[in-house]
Enquirer: 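Just passing along the structure, written as structure tokens.
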Amino acid sequence: MKKTITCMLLLVAGCMLSTSCKKEYYKDGGLANPVYDGTIYDYLTEKTLYFDSVKHIIDLAGMKDMFVKDTITFFAFTDDAIKAAMDDLNAQRFANQEDSVTLDDIGPEVWKQFISMYILTGKRLASAFPRVQRDNIRAFPGINYIMLNGYILNIGLEYTNYRGVEAVGARIIQLTDVTFDPVDFRKNSYIRVASSDIQPRNGVIHALSYLHTLGFRGAEFRRVALDYLRTKE
């Protein structure tokens, strides 16, 4: 009997050790099940706290069908990025003694241009991207991807440290605007993904950190939106 109990304890210990050794390397959406029973458009519609304005500008851009029917990877900026962009635009209009504008006043082509910067065709989970390291880009360069509108972003996995051990922690997707300074990678604007591998039926969503400038470059949205508005006024 004593021998049987000892064997059982060893078996339990082994199972616990096996479980503790497993590690989720890719930062996920905090969901027990990353699979979402709906389209990307459905997901954005449901998560109104983060994507209410995002869903609205997708409608304005005439891109709903893509988010319902096409298989895409969407690096989803949040409503915070849109609000910051609109606040910046209206601050400039106020300085020019012009009335403020709303999302609906911005042309579909403008919204489509910026939304398309964050879309890749096909389904690409975090594991599909190679390692990137900003201070050692020659060794770990990520990959430059051509986004839906032709814009080039470098996308890769940042290997974080864990308990003082280098590059064994969580692997976080990082997007970098490499066209700003092609010579020095470290000078380029970048953003990390806050939640990755959310999987609706027609693709995958990687939700960006809320601390993001729409279009990566400060004042870029303002410039494009102002040019559009001047043609309509």
Enquirer: List in chain and number order the residues that pass side chain to side chain donor-acceptor pair (under 3.5 Å) with R192, two or more places apart in sequence or in another chain; answer none if no residue qualifies.
Expert: E158
Enquirer: Using a strict cut-off of less than 4.0 Å between a Lys/Arg side-chain nitrogen and an Asp/Glu carboxylate oxygen, indicate whether K83 and D80 qualify as a salt bridge.
Expert: no
Enquirer: With rounding to the nearest 0.5 Å, note down the distance linking CZ in F216 to OH in Y151.
Expert: 8.0 Å
Enquirer: Please list all pairs meeting salt bridge (charged side-chain N to carboxylate O under 4.0 Å, His left out) that have one or both residues in residues 204-213, counting only residues at least two apart or in different chains.
Expert: none
Enquirer: State which residues pass salt bridge (Lys or Arg N to Asp or Glu O under 4.0 Å) with E98; sequence neighbours excluded, sorted by chain then number.
Expert: R93
Enquirer: Hey, what do you get for CG (D65) to CD1 (I58), rounding to the nearest 0.5 Å?
Expert: 12.0 Å
Enquirer: Taking I40 as the starting point, is it possible to reach L125 by hopping between hydrophobic residues whose side chains are less than 4.5 Å apart?
Expert: no
Enquirer: List the residues meeting salt bridge (Lys or Arg N to Asp or Glu O under 4.0 Å) with K55, not counting sequence neighbours, and say none if there are none.
Expert: D59
Enquirer: For L211, does the CG atom have more than 12 heavy-atom neighbours from other residues, nucleotides or ligands under 6.0 Å away?
Expert: yes
Enquirer: Determine which pairs satisfy side-chain hydrogen bond (donor to acceptor under 3.5 Å, both in side chains) with at least one residue from residues 203-213, sequence neighbours left out, and list them in order.
Expert: Y118-H212
Enquirer: Could you grab the distance from atom CG of L44 to atom OG1 of T78, nearest 0.5 Å is fine?
Expert: 11.5 Å
Enquirer: If the condition is salt bridge (Lys or Arg N to Asp or Glu O under 4.0 Å), which residues does D135 pass it with, not counting sequence neighbours?
Expert: none
Enquirer: Treating R134 as the side-chain partner and N188 as the backbone partner, does any N or O pair qualify as donor plus acceptor under 3.5 Å?
Expert: yes
Enquirer: Could you state the interatomic distance from OG (S53) to CZ (F51), rounded to the nearest 0.5 Å?
Expert: 11.5 Å
Enquirer: Tell me, which pairs form a ring-ring contact (aromatic ring centres under 6.0 Å, His included) where one or both residues lie in residues 53-73, sequence neighbours left out?
Expert: F67-F74
Enquirer: Okay, side chain of N202, backbone of D70: is any donor-acceptor separation there less than 3.5 Å?
Expert: yes
Enquirer: Does anything in residues 137-150 pair up under side-chain hydrogen bond (donor to acceptor under 3.5 Å, both in side chains), and if so which pairs, sequence neighbours excluded?
Expert: N144-N154
Enquirer: Among all residues two or more places apart in sequence or in another chain, which pass the salt bridge (Lys or Arg N to Asp or Glu O under 4.0 Å) test with D79?
Expert: none
Enquirer: Do M147 and I152 touch side chain to side chain, with heavy atoms closer than 4.5 Å?
Expert: no
Enquirer: Please check if L153 and V54 belong to a single hydrophobic cluster, counting links between Ile, Leu, Val, Met, Phe, Trp and Tyr side chain heavy atoms closer than 4.5 Å.
Expert: yes
Enquirer: Can you tell me which residue pairs pass the ring-ring contact (aromatic ring centres under 6.0 Å, His included) test with a partner in residues 165-202, sequence neighbours excluded?
Expert: none
Enquirer: Quick one, D37 and V35 - any side-chain contact, counting heavy atoms below 4.5 Å?
Expert: no
Enquirer: Would you check if L157 and I173 make a side-chain contact, meaning some heavy-atom pair closer than 4.5 Å?
Expert: yes
Enquirer: Donor-acceptor pair, distance only, cut-off 3.5 Å: does the side chain of N90 make one with the backbone of V101?
Expert: yes
Enquirer: G169 and Y162: which non-hydrogen atoms are nearest, and at how many Å?
Expert: CA-CB, 3.7 Å
Enquirer: List in chain and number order the residues that pass side-chain contact (heavy atoms from CB on, under 4.5 Å) with K187, two or more places apart in sequence or in another chain; answer none if no residue qualifies.
Expert: D181, D184
Enquirer: Are V178 and V193 linked, directly or through intermediate hydrophobic residues, by side-chain heavy-atom contacts shorter than 4.5 Å (ILVMFWY only)?
Expert: no
Enquirer: Check step by step if side chain to side chain contact (heavy atoms under 4.5 Å, CB included) holds for L120 and I155.
Expert: CA-CA 11 Å; L120 282 173; I155 306 176; 3.9 Å; yes
Enquirer: G38 and P200: which non-hydrogen atoms are nearest, and at how many Å?
Expert: O-CB, 3.2 Å
Enquirer: In the single-linkage hydrophobic clustering (I, L, V, M, F, W, Y; side-chain heavy atoms under 4.5 Å), do L175 and I115 co-cluster?
Expert: yes
Enquirer: Roughly how far apart are I72 CD1 and I205 CD1, rounded to 0.5 Å?
Expert: 8.5 Å
Enquirer: Decide side chain to side chain contact (heavy atoms under 4.5 Å, CB included) for F77 and I82; before the verdict, give the C-alpha distance in whole Å, the side-chain angles of both, and the deciding distance to 0.1 Å.
Expert: CA-CA 8 Å; F77 49 87; I82 298 174; 3.9 Å; yes
Enquirer: Among I106, V224, D105, exactly one meets side chain to side chain contact (heavy atoms under 4.5 Å, CB included) together with L89. Which residue is that?
Expert: I106
Enquirer: Between T231 (side chain) and Y228 (backbone), is there a donor-acceptor pair under 3.5 Å?
Expert: yes
Enquirer: Under the salt bridge (Lys or Arg N to Asp or Glu O under 4.0 Å) criterion, do R223 and E220 qualify, and how do the steps go?
Expert: CA-CA 5 Å; R223 180 188 66 78; E220 181 65 11; 2.7 Å; yes
Enquirer: Checking D42 against T39 for the side chain to side chain donor-acceptor pair (under 3.5 Å) test, could you report, in this order, the C-alpha distance in whole Å, the side-chain angles of both residues, the deciding distance, and whether it holds?
Expert: CA-CA 5 Å; D42 293 334; T39 67; 3.1 Å; yes
Enquirer: Quick one: list whatever passes side-chain contact (heavy atoms from CB on, under 4.5 Å) with Q92, sequence neighbours left out.
Expert: A95, N96, R222, L226
Enquirer: Do I143 and F75 share a hydrophobic cluster, counting only Ile, Leu, Val, Met, Phe, Trp and Tyr and linking them when any side-chain heavy atoms are less than 4.5 Å apart?
Expert: yes
Enquirer: How many angstroms lie between OG1 in T71 and CE in M66, if you round to the nearest 0.5 Å?
Expert: 11.0 Å
